[in-house]
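Let me begin by presenting the structure, written as structure tokens, before commenting on it.
Residue numbers start at 1 and run along the sequence shown. Reckoned from all heavy atoms, side chains included, excluding hydrogens, waters and symmetry mates.
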Amino acid sequence: EHREQEIMHNTALAILGNALESTLDTQHTSQAHLLQTKEWLGSSGIVDTLLSELSLAQFRLHDAYQAARCVCTLLEFSCEMKQILLGRNVAVILKDAHAIGTAKHSLLAAECKEALALVTGEENVQPAPHDCDITDSLLHWPCC
């Protein structure tokens, strides 16, 4: 029964991550308002829960990865949300989770690295090999 609860918990985090990514693509003002509610930003709200999941990365790697996906999307959502997350020590939490991910879970490490780039404003991520074209290879040597 405990294992089933863990699976459901991880699945719920994955669904939340997918929903947030979809919301980011179609950002409406009603969705922005929704993210400002007590359920999201209040004490023990969804944002705090996601940060808690990340801080437990050493014990629950897969949950931390899903939480990192959510946090990364929230960082992209708006400047206000980014400031809220910064006020809740997201950078420190992401760095710790990144270190754990680097040692034990490559997807967690990659997601934390992307989120940290959003936090620091260093969003110049190397293109994937299939995204590379001749102009990229000439302007950003070496490419791919």
Reported CG-to-CG distance for the pair Leu94 and Leu75, which is rounded to 0.5 angstrom
7.0 Å

Min side-chain heavy-atom separation Leu20-Phe77 under 4.5 Å:
no

Going through the checks in order, is the side-chain contact (heavy atoms from CB on, under 4.5 Å) test met by Gln5 and His2?
CA-CA 5 Å; Gln5 289 176 344; His2 179 66; 4.1 Å; yes

Is there a side-chain contact between Gln66 and His62, using heavy atoms and a 4.5 Å cut-off?
no

Would a single hydrophobic cluster contain both Leu86 and Leu41, if residues Ile, Leu, Val, Met, Phe, Trp and Tyr are joined by side-chain heavy-atom contacts under 4.5 Å?
yes

Separation between CG of Leu85 and CG of Leu51, rounded to the nearest 0.5 Å
6.0 Å

Rounded to the nearest 0.5 Å, the NZ atom of Lys38 sits from the OG atom of Ser43 at a distance of 9.5 Å

For atom CD of Glu4, is the number of surrounding heavy atoms from other residues, nucleotides or ligands below 6.0 Å larger than 12?
no

Taken in chain and number order and not counting sequence neighbours, the residues that satisfy side chain to side chain donor-acceptor pair (under 3.5 Å) with His98 are none

Shortest non-hydrogen pair, Gly42 vs Arg88, comes out as O-NH1, 4.5 Å

How about Ile100 and His105: do any of their side-chain heavy atoms sit closer than 4.5 Å?
no

Would you give me the side-chain donor-acceptor pairs under 3.5 Å for residues 53-60, sequence neighbours excluded?
| unit_1 | atom_1 | unit_2 | atom_2 | d |
| --- | --- | --- | --- | --- |
| Glu53 | OE2 | His9 | NE2 | 2.6 |
| Ser55 | OG | Ser52 | O | 2.7 |
| Arg60 | NE | Asp63 | OD2 | 2.8 |
| Arg60 | NH2 | His9 | NE2 | 3.0 |
| Arg60 | NH2 | Asp63 | OD2 | 2.7 |

Kindly write out the residues that satisfy side chain to side chain donor-acceptor pair (under 3.5 Å) with Asn89, not counting sequence neighbours, or none if the list is empty.
none

Smallest separation among heavy atoms of Ser44 and Thr49, with atom names
O-OG1, 4.0 Å

Which heavy atom in Val119 sits nearest to a heavy atom in Ala91, and how many Å separate them?
CG1-CB, 4.1 Å

Could you pull out the closest heavy-atom pair between Leu16 and Trp40, with the gap in Å?
CD1-CH2, 3.9 Å

How far apart are the closest heavy atoms of Leu13 and Cys70, and which atoms are they?
O-SG, 3.9 Å

